[in-house]
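Contents: one structure, followed by commentary.
Quick caveat: nothing in here was measured; it's all calculated off a predicted structure. Computed over heavy atoms, backbone and side chain alike; hydrogens, waters and symmetry mates excluded.
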Amino acid sequence: MGDMRLSDAERQDALDVLEEHVRTGRLDIDEYGARSAKVTAAKRVSELVPLFDDLPSPRPSALLNGVSAPQVPVAAGDNALVRFLTAGAVPIAIVLAIAVLILSRGRLLIISVALPLVVAMIAGARRRRS
């Protein structure tokens, strides 16, 4: 396992797992930046091991010794709510909405409610294009 070279797909999976740990609050942005740079530069599976040793599941598929990474179940069809909740932009949109609400002292309440929806729709459109 440790001497195997990483594929682009395995490297991307490791980056996706790091993003999940940021979303759940296990890693801050600085830790994510440092670890993602090391994942991007990694050539072998063994280089990923120290980057995920202190993190619980999910783990990158390359570290699961041939077992594929667990997949998040998605409801059948094109469920807009599932896409909205899994979009990486949702936490950013919430923070922006709170900032707008605080800075406007409540006068722009409609914007602070609509902003997360607009950002999520834009993120959804980007995901569909890629």
Side-chain angles (χ1 to χ4, degrees):
M1 171 182 99
D3 289 337
M4 297 286 294
R5 290 188 64 86
L6 277 173
S7 70
D8 289 340
E10 289 169 327
R11 196 172 288 107
Q12 183 59 51
D13 177 56
L15 291 171
D16 293 344
V17 170
L18 283 177
E19 288 175 12
E20 177 62 25
H21 288 299
V22 170
R23 281 192 292 272
T24 58
R26 289 188 189 101
L27 291 177
D28 63 26
I29 286 297
D30 293 332
E31 290 173 307
Y32 169 77
R35 291 184 193 212
S36 63
K38 290 177 183 177
V39 167
T40 302
K43 300 287 185 219
R44 302 202 175 275
V45 172
S46 60
E47 296 174 59
L48 296 182
V49 173
L51 302 176
F52 292 92
D53 270 350
D54 62 336
L55 296 170
S57 185
R59 313 273 295 166
S61 59
L63 297 181
L64 297 177
N65 201 15
V67 178
S68 63
Q71 299 296 315
V72 176
V74 178
D78 192 23
N79 190 334
L81 180 60
V82 171
R83 281 185 285 122
F84 175 79
L85 294 175
T86 58
V90 172
I92 295 169
I94 292 170
V95 169
L96 288 174
I98 291 170
V100 167
L101 181 62
I102 291 170
L103 293 174
S104 69
R105 298 185 182 159
R107 288 176 286 200
L108 298 176
L109 182 60
I110 189 68
I111 292 174
S112 66
V113 171
L115 184 62
L117 298 174
V118 171
V119 170
M121 289 183 345
I122 291 169
R126 285 185 182 164
R127 291 180 105 187
R128 279 189 293 270
R129 277 188 271 150
S130 57

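- A donor-acceptor pair is defined here as one N or O able to donate and one able to accept, closer than 3.5 Å; no such pair exists between the side chain of R26 and the backbone of L55.
- Across every non-hydrogen atom of A14 and F52, the tightest pair is O-CZ, 3.6 Å.
- The NE2 atom of H21 lies 9.0 Å from the CG atom of D54; values are rounded to the nearest 0.5 Å.
- Residue S57 holds its OG atom at 9.5 Å from CD of E20, rounded to the nearest 0.5 Å.
- Between atom CD of residue E10 and atom CZ of residue R44 there is a gap of 12.5 Å, rounded to the nearest 0.5 Å.
- Here the CG atom belonging to D13 is positioned 3.5 Å from the OG atom belonging to S61, to the nearest 0.5 angstrom.
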>> side chain to side chain contact (heavy atoms under 4.5 Å, CB included), that's the test. Do D28 and E31 meet it? Break it down for me.
In response: CA-CA 5 Å; D28 63 26; E31 290 173 307; 3.3 Å; yes
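- Closest of all the heavy-atom pairs between G33 and S36 is O-OG, 3.2 Å.
- When all heavy atoms of L48 and A42 are compared, the closest pair comes out as CD2-CB, 4.2 Å.
- How far CZ of R23 is from CG of L18: 10.5 Å, rounded to the nearest 0.5 Å.
- Looking at Q12 and D8, their side chains never bring a donor and an acceptor atom within 3.5 Å of each other.
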